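If you read the sequence from its start, that first residue is 1, and numbering goes on from there. What you see is a predicted model, and the numbers here were worked out from it, not measured in a lab.
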Amino acid sequence: MAFDGITAHLLARELDNKLSGGRIDKVYQPDKQTVIVTIRANAKMEKLLISANPSCVRMNLTSSTRENPKMPPSFCMLLRKYLSGAKIESISSPCYERIIEIKVSNNDELADLKHYTLICELMGRYSNIILCNESGKIIDCLNHVDMSVNRVREVMPARIYSYPPTQDKMSVNQALVLCDAGKTPIKDEELGRPADKALLNSVKGLSPILTRRIAAKIDADDRTPIRDCSNSIKEALIREAASLFKSILDFEITPCVYYSEDDIPTDYGPFFFECPGRIIKTESISQAIDRFYESKDKAIDLDRKKHELSLVVDVALSHAVRKYDIHKNDYEEGRKADDYKKCGDLILANTWLLKGHETEFTCDDYYTEPMSKITIKLDPSMDASANAQDYYKRFRKAKRKYQMSECYIESDKEAITYFRSLKTAVAAASCEEDIDALTSEIRSLASTEKKTAVPKPGTSGYVDPNRTVGMAKSGKASSRAMREAARRAQMRNKEISQKKPKQTSSSYRKYYTSDGYEILCGRNNIQNDELTFKVADKEDWWFHIKGLPGTHVILKTRKGEEFPSDNAVLEAASLAVFFSKSIMVEEHAEGKGSHAGEIKAEVDYCPVSHVKKIPGAKPGMVIYESYYSVLVSALEPKQARD
């Protein structure tokens with residue numbers, strides 16, 4: 001169920017019973033649209049999550065943990081300033097709107113008691129978190145809305161807060177009065193609509209899902225206007241609506257989480273309704289909301305981490321591409337070296353023709369067969385000898401460019417291939433272990449670059465910053481305090497030098513084919529190397545997508561078996577395609593709207609003994625020979641038997 005006004009009203013009442021009188025301890029903002037408030041209430045700590053993210057708008061108590069940024073956002077710092085240590089006076093929802101207000105009191109810098117209101121507008125893409133003072137003036141808000149965005153209502157600091165425009169609907173209390181009088185709780189102008197839509201447009205706080213469930217419970221036709229329905233349908237509608245409204249007013253709720261037949265959470269709500277699939281009853285609305293979004297939170301957090309890694313890899317890839325373009329231009333420029341040398345030679349050979357101050361001259365080209373005429377540009381401010389030397393200078397420079405760029409282009413190509421493989425691995429990441437493995441690889445790559453740039457202790461060029469600590473200008477030991485400082489500095493250096501970085505590696509992806517063969521897949525390039533050259537046996541089979549960056553897939557063979565079964569080969573190759581989504585494959589999937597099983601690619605496979613590591617190459621770069629190829633479709637990981 002969408003976060004409607006009824007849910008907001010009941011949730012505010014529930015939170016008021018649990019948190020009223022508590023004190024705010026800490027405030028966090030793990031992402032741009034989410035705020036977590038830690039509250040001490042009823043002798044325990046509670047975490048209140050407030051999300052203004054349009055894809056998952058909610059407010060609930062949660063037990064899950066989120067990774068917070070190293071530098072808190074400015075809005076988080078402002079909330080800490082005004083709310084840290086504040087006492088919660090009340091939590092309420094105004095007139096069944098999707099708004100929850102948290103009223104708090106706190107002492108300011110002068111120890112004067114001040115009152116503030118944290119207003120949480122949970123309204124889809126218009127969601128916002130607003131902090132107001134006791135006079136109703138906005139101190140600050142999460143999303144600033146000026147007149148260029150909304151001409152009706154401006155939400156900006158130093159403005160007086162006003163509620164969003166209300167709809168012309170009756171409240172739950174008014175609707176219950178009509179039901180008790182034997183009348184349908186529907187406005188006259190809505191009688192021409194079906195029961196669910198008429199009820200939705202007549203009573204505040206109801207969501208489309210809730211009204212559809214009420215209509216389904218009374219067997220009302222979704223195409224027949226309510227005025228044309230039979231009396232039995234109208235009486236059933238009055239009875240069901242009155243029961244719902246009384247439950248709302250008396251706070252008689254049964255929070256539930258609804259699951260599909262595939263056991264995927266599809267809905268939550270404060271009331272129980274019969275529907276297909278599994279239904280889990282919870283103790284509170286907060287628990288139902290938290291349980292519903294548990295898997296979605298993991299997916300959101302995973303997407304955020306993937307996005308951060310993608311930004312890092314994209315920057316490195318674009319840098320490598322720019323280097324390649326520069327070196328490619330240098331290479332093309334270097335190919336003109338012989339032309340510059342020829343021009344210099346021809347100028348010296350025809351010095352007697354030049355009178356001085358010419359911008360160009362034409363002479364015979366002795367280097368071509370048959371001989372032809374060539375026009376050479378000159379600098380009129382220089383004589384013939386100086387022009388020739390200028391061309392020789394260009395020749396030497398172009399020759400150096402040609403020689404150096406030829407080496408750089410190969411390394412640039414390797415770097416581009418490597419970062420493309422990293423980008424492919426990030427796109428294929430599907431769990432926290434994948435993210436941890438990729439983060440470890442990126443950090444190891446960064447530390448390797450730093451080690452090559454900074455001289456190591458004990459090598460030439462390294463200067464110990466603590467070598468003069470505790471020494472006087474004369475070179476002798478100074479005071480006792482300085483000697484003690486020197487001793488401690490030396491001990492720290494010794495401890496740092498003795499510490500060895502811990503190399504952590506996540507477990508490999510493991511699957512089993514339908515006929516029992518074990519399949520191992522690497523999560524990053526480092527694991528690809530380990531899997532191929534340390535874990536796999538020589539008799540095992542190695543799979544990789546043809547001509548594109550991707551993961552290494554190992555099919556473990558059985559003892560005494562020369563070739564695995566055809567079915568095992570096809571399933572292993574399908575996994576190689578799925579976990580080796582290149583940019584071309586992704587564009588194919590996005591452009592044609594195909595699913596993973598519809599993506600086809602060619603996969604090369606051979607025994608592990610035919611795979612060789614390229615000397616000096618980055619992790620994951622290999623060459624192989626005597627291989628077979630097969631064209632297969634991508635296989636979803638969940639289709640394999642883990």
Side-chain angles (χ1 to χ4, degrees), residues 314-423 445 448-455 459-461 547-549 583-584 612-618 620-625:
D314 286 342
V315 169
L317 179 60
S318 62
H319 179 65
V321 171
R322 284 198 304 270
K323 286 175 61 179
Y324 173 78
D325 292 339
I326 293 171
H327 294 147
K328 187 70 175 177
N329 292 334
D330 289 345
Y331 180 79
E332 296 298 330
E333 181 70 20
R335 297 179 64 178
K336 301 177 183 178
D338 292 339
D339 294 337
Y340 293 142
K341 185 177 182 299
K342 180 174 70 173
C343 290
D345 293 343
L346 292 176
I347 291 173
L348 292 179
N350 296 276
T351 305
W352 57 278
L353 292 175
L354 300 176
K355 307 296 182 181
H357 305 289
E358 293 95 341
T359 57
E360 61 180 26
F361 87 105
T362 302
C363 63
D364 295 327
D365 186 0
Y366 304 110
Y367 291 89
T368 58
E369 286 291 341
M371 193 185 318
S372 61
K373 296 290 184 179
I374 184 174
T375 301
I376 301 174
K377 293 183 179 180
L378 302 174
D379 186 347
S381 63
M382 297 188 296
D383 59 9
S385 178
N387 273 293
Q389 293 303 320
D390 182 60
Y391 272 105
Y392 286 139
K393 183 179 179 181
R394 293 188 198 178
F395 159 71
R396 291 190 295 270
K397 187 175 181 180
K399 186 177 180 181
R400 286 195 301 270
K401 280 186 177 182
Y402 182 82
Q403 294 172 346
M404 298 300 294
S405 60
E406 196 172 17
C407 301
Y408 288 145
I409 285 174
E410 294 302 321
S411 62
D412 292 340
K413 287 181 179 178
E414 291 180 3
I416 291 172
T417 304
Y418 175 73
F419 288 122
R420 285 188 67 201
S421 68
L422 266 183
K423 187 175 181 179
L445 179 66
T448 303
E449 292 178 352
K450 287 182 180 180
K451 287 180 181 179
T452 56
V454 180
T459 60
S460 61
L548 296 171
I583 297 175
M584 295 175 60
K612 307 297 180 185
K613 176 68 179 175
I614 301 176
K618 293 184 180 296
M621 304 297 177
V622 298
I623 55 175
Y624 53 94
E625 58 186 4

Task: Point-to-point distance, once rounded to the nearest 0.5 Å, from OG of S411 to NZ of K413 - done: 10.5 Å
Task: Heavy-atom closest contact (T362 atom, T375 atom, distance) - done: OG1-OG1, 3.1 Å
Task: Smallest separation among heavy atoms of A415 and A320, with atom names - done: CB-CB, 4.2 Å
Task: Spacing of CG belonging to N350 relative to CZ belonging to F361, to within rounding of 0.5 Å - done: 5.0 Å
Task: Which atom of A349 lies closest to which atom of W352, heavy atoms considered - done: O-NE1, 3.7 Å
- [ ] State whether the side chain of D365 and the backbone N or O of Y367 hold a donor-acceptor pair below 3.5 Å, judged by distance alone.
- [x] yes
Please set out all donor-acceptor pairs under 3.5 angstrom arising from side-chain atoms of residues 388-398, sequence neighbours excluded.
residue: D390; atom: OD2; partner: R394; partner atom: NE; Å: 3.4
residue: D390; atom: OD2; partner: R394; partner atom: NH2; Å: 3.3
residue: Y391; atom: OH; partner: K377; partner atom: O; Å: 2.8
residue: Y392; atom: OH; partner: D345; partner atom: N; Å: 3.4
residue: Y392; atom: OH; partner: D345; partner atom: OD1; Å: 2.4

Open item on the list: As an exercise, state the distance from CG of N329 to OG of S405, rounded to the nearest 0.5 Å.
Closed with: 10.0 Å
Task: E406, K399, K401 screened by side-chain contact (heavy atoms from CB on, under 4.5 Å) with Q403, the one that passes - done: K399
- [ ] Could you check I326 against D412 for side-chain contact (heavy atoms from CB on, under 4.5 Å), going step by step and ending with a plain yes or no?
- [x] CA-CA 10 Å; I326 293 171; D412 292 340; over 6 Å; no
- [ ] Take K612 and V622, measure what side-chain contact (heavy atoms from CB on, under 4.5 Å) needs, and give me the verdict at the end.
- [x] CA-CA 6 Å; K612 307 297 180 185; V622 298; over 6 Å; no
- [ ] Would you kindly say whether D379 and S381 are connected by a side-chain donor-acceptor distance under 3.5 Å?
- [x] yes
Open item on the list: Quick check: closest heavy atoms across C363 and I376, and the distance to 0.1 Å?
Closed with: SG-CD1, 4.4 Å
Task: Distance in Å, T417 OG1 paired with L317 CG, rounded so as to fall on 0.5 Å steps - done: 9.5 Å
TODO: Please report the closest heavy-atom contact between L378 and P380, naming both atoms and the distance.
DONE: O-CD, 3.5 Å
Task: Test side chain to side chain donor-acceptor pair (under 3.5 Å) applied to D330 - qualifying residues, sequence neighbours left out - done: none
- [ ] Take I409 and Y324, measure what side-chain contact (heavy atoms from CB on, under 4.5 Å) needs, and give me the verdict at the end.
- [x] CA-CA 6 Å; I409 285 174; Y324 173 78; 3.7 Å; yes
- [ ] To the nearest 0.5 angstrom, please state how far the CG atom of L354 sits from the CE atom of M382.
- [x] 12.0 Å
Open item on the list: Working to the nearest 0.5 angstrom, can you tell me the gap between I374 CD1 and K342 NZ?
Closed with: 4.5 Å
TODO: For Y624, enumerate each residue passing the ring-ring contact (aromatic ring centres under 6.0 Å, His included) test, keeping only those at least two apart in sequence or located in another chain.
DONE: W542, Y627
Task: Over 12 foreign heavy atoms within 6.0 Å of NZ, K323 - done: no
